[in-house]
Amino acid sequence: MTVTQRRGRRIMMTPGELDAFLTTERTCRVATVSADGAPHVSTLWFVWDGGSLWLYSVVRSRRWADLRRDPRVAVVVDTGEEYDELRGVELSGSVEPVGEVPRTGELCAELDLPETLFARKYFGVDELPHDGRHAWLRLTPRKTVSWDFRKLTPP
């Protein structure tokens with residue numbers, strides 16, 4: 001993963017902090033570009049495998065249609081209530097579908113890890129149930145920007 005952060009280096013997450021954050025947080029916001037050029041933002045569950053963000057999306061959604069036409073995406077994962085608690089990561093690049101669309105559970109070694117991580121994280125089981133409505137998108141970020149305002153010293 002390439003970290004291209006120039007500003008805010010003082011508050012950026014270390015690689016270990018970034019991995020821990022993306023592994024434990026549960027929701028992300030996905031920004032796509034609609035056919036008419038308008039931005040579209042939606043919320044999804046995701047898993048992080050240490051190098052790629054895996055999105056499990058409904059295939060009959062505006063998000064899926066946007067990304068099939070134009071795979072460029074920006075994803076934000078963030079948390080915090082007060083200013084000095086704000087933490088987050090923006091990942092951007094292009095997504096690629098992995099496995100069958102929609103996913104029915106056919107053998108796909110590339111999906112073994114993300115599906116196991118997803119099943120454990122969101123359902124507390126070892127095997128992901130497939131509903132024939134979702135499919136996987138992998139984002140291997142070209143750009144990553146992070147912030148952790150807890151690193152700011154009090155005034």
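In terms of heavy-atom proximity, S34 sits nearest to H40 at OG-CB, 3.8 Å. Taking each heavy atom of V33 and R69 in turn, the nearest pair found is O-NH2, 2.5 Å. G51 and P141 make their closest contact through O-CD, 3.5 Å (heavy atoms, listed as atom of the first residue, atom of the second, distance). Taking every heavy atom of both residues into account, A31 and V41 meet most closely at CB-CG2, 4.1 Å. The nearest pair of heavy atoms linking E25 to D78 is OE1-O, 4.3 Å.
When hydrophobic clusters are built by joining Ile, Leu, Val, Met, Phe, Trp and Tyr residues whose side-chain heavy atoms come closer than 4.5 Å, directly or via intermediates, V101 is grouped together with V95. Hydrophobic clustering places F123 together with L44 (ILVMFWY residues linked when any side-chain heavy atoms are closer than 4.5 Å, directly or through intermediates). Both L113 and L22 belong to a common hydrophobic cluster when Ile, Leu, Val, Met, Phe, Trp and Tyr are linked at side-chain heavy-atom distances under 4.5 angstrom. Both W45 and L111 are members of a single hydrophobic cluster when ILVMFWY side chains are connected at heavy-atom separations under 4.5 Å.
Cation-pi geometry between R87 and W147 is not satisfied (NZ or CZ under 6.0 Å from the ring centre, within 45° of the ring normal).
A donor-acceptor pair under 3.5 Å links the side-chain atoms of S146 to the main chain of M13, judged by distance alone. Between the side chain of Y122 and the backbone N or O of F46 there is at least one donor-acceptor pair closer than 3.5 Å. Using modelled atom types, one side-chain atom of S61 and one backbone atom of W64 make a donor-acceptor pair closer than 3.5 Å. Put simply, the side chain of E100 gets close to the backbone of T104: a donor and an acceptor are under 3.5 Å apart. In terms of modelled atom types and a separation under 3.5 Å, the side chain of K121 and the main chain of T24 share no donor-acceptor contact. Although no hydrogens or angles enter the test, the distance criterion places no donor-acceptor pair under 3.5 Å between the side chain of K151 and the main chain of R10. Between the side chain of E85 and the main chain of E82, a donor-acceptor pair closer than 3.5 Å is present.
Side chains of T43 and T27: no donor on one and acceptor on the other come within 3.5 Å. Side chains of R142 and S94: a donor-acceptor N/O pair is present below 3.5 angstrom, by distance only. No side-chain donor-acceptor contact under 3.5 Å links E110 and W136. For the residue pair R63 and S42, a side-chain donor N or O sits within less than 3.5 Å of a side-chain acceptor on the partner.
In this structure, R72 places its CZ atom where only 12 or fewer heavy-atom neighbours from other residues, nucleotides or ligands lie under 6.0 Å away. Annotation for E127: atom CD does not count as buried by contact number, only 12 or fewer foreign heavy atoms lying within 6.0 Å. For R68, the CZ atom sits in a loose shell: 12 or fewer heavy atoms of surrounding residues, nucleotides or ligands are nearer than 6.0 Å.
Here F149 contributes atom CZ and Y83 contributes atom OH; the two are 4.5 Å apart, rounded to the nearest 0.5 Å.
With contacts defined as side-chain heavy-atom distances shorter than 4.5 Å, the pair T140/R138 qualifies. Two residues are said to be in side-chain contact when any heavy atoms from C-beta on lie closer than 4.5 Å; L128 and R103 fail this criterion. Between C28 and L55, some side-chain heavy-atom pair lies under the 4.5 Å cut-off. In this structure the side chain of V89 reaches within 4.5 angstrom of the side chain of L18, judged on heavy atoms. With a 4.5 Å cut-off on side-chain heavy atoms, E115 and H130 count as touching. Counting heavy atoms from C-beta on, the side chains of V73 and V30 come closer than 4.5 Å. Contact of the D70 side chain with the T32 side chain is not registered, since no non-hydrogen atoms from C-beta on lie closer than 4.5 Å. Side-chain contact between V75 and E90: absent, with no pair of heavy atoms (C-beta onward) separated by less than 4.5 Å.
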Worksheet item: Is there a side chain to side chain contact (heavy atoms under 4.5 Å, CB included) between L137 and L67 once you walk through the steps?
Response: CA-CA 9 Å; L137 296 164; L67 291 171; 3.7 Å; yes
(message) Please evaluate residues L139 and L91 with respect to the criterion side chain to side chain contact (heavy atoms under 4.5 Å, CB included), reporting the C-alpha separation (whole Å), side-chain torsions for both, the decisive distance (0.1 Å), and the verdict.
(response) CA-CA 8 Å; L139 170 62; L91 307 138; 4.0 Å; yes
**OP:** May I have the step-by-step check of salt bridge (charged side-chain N to carboxylate O under 4.0 Å, His left out) for D126 and R120, ending in yes or no?
**Re:** CA-CA 6 Å; D126 288 330; R120 289 177 181 163; 2.8 Å; yes
What's the verdict on side chain to side chain contact (heavy atoms under 4.5 Å, CB included) for W48 and F21, showing C-alpha distance, side-chain angles and the deciding distance?
CA-CA 9 Å; W48 173 250; F21 182 78; over 6 Å; no
CA sep, side-chain torsions, deciding dist, call: W54, D49, side chain to side chain contact (heavy atoms under 4.5 Å, CB included): CA-CA 8 Å; W54 293 85; D49 70 5; 2.9 Å; yes
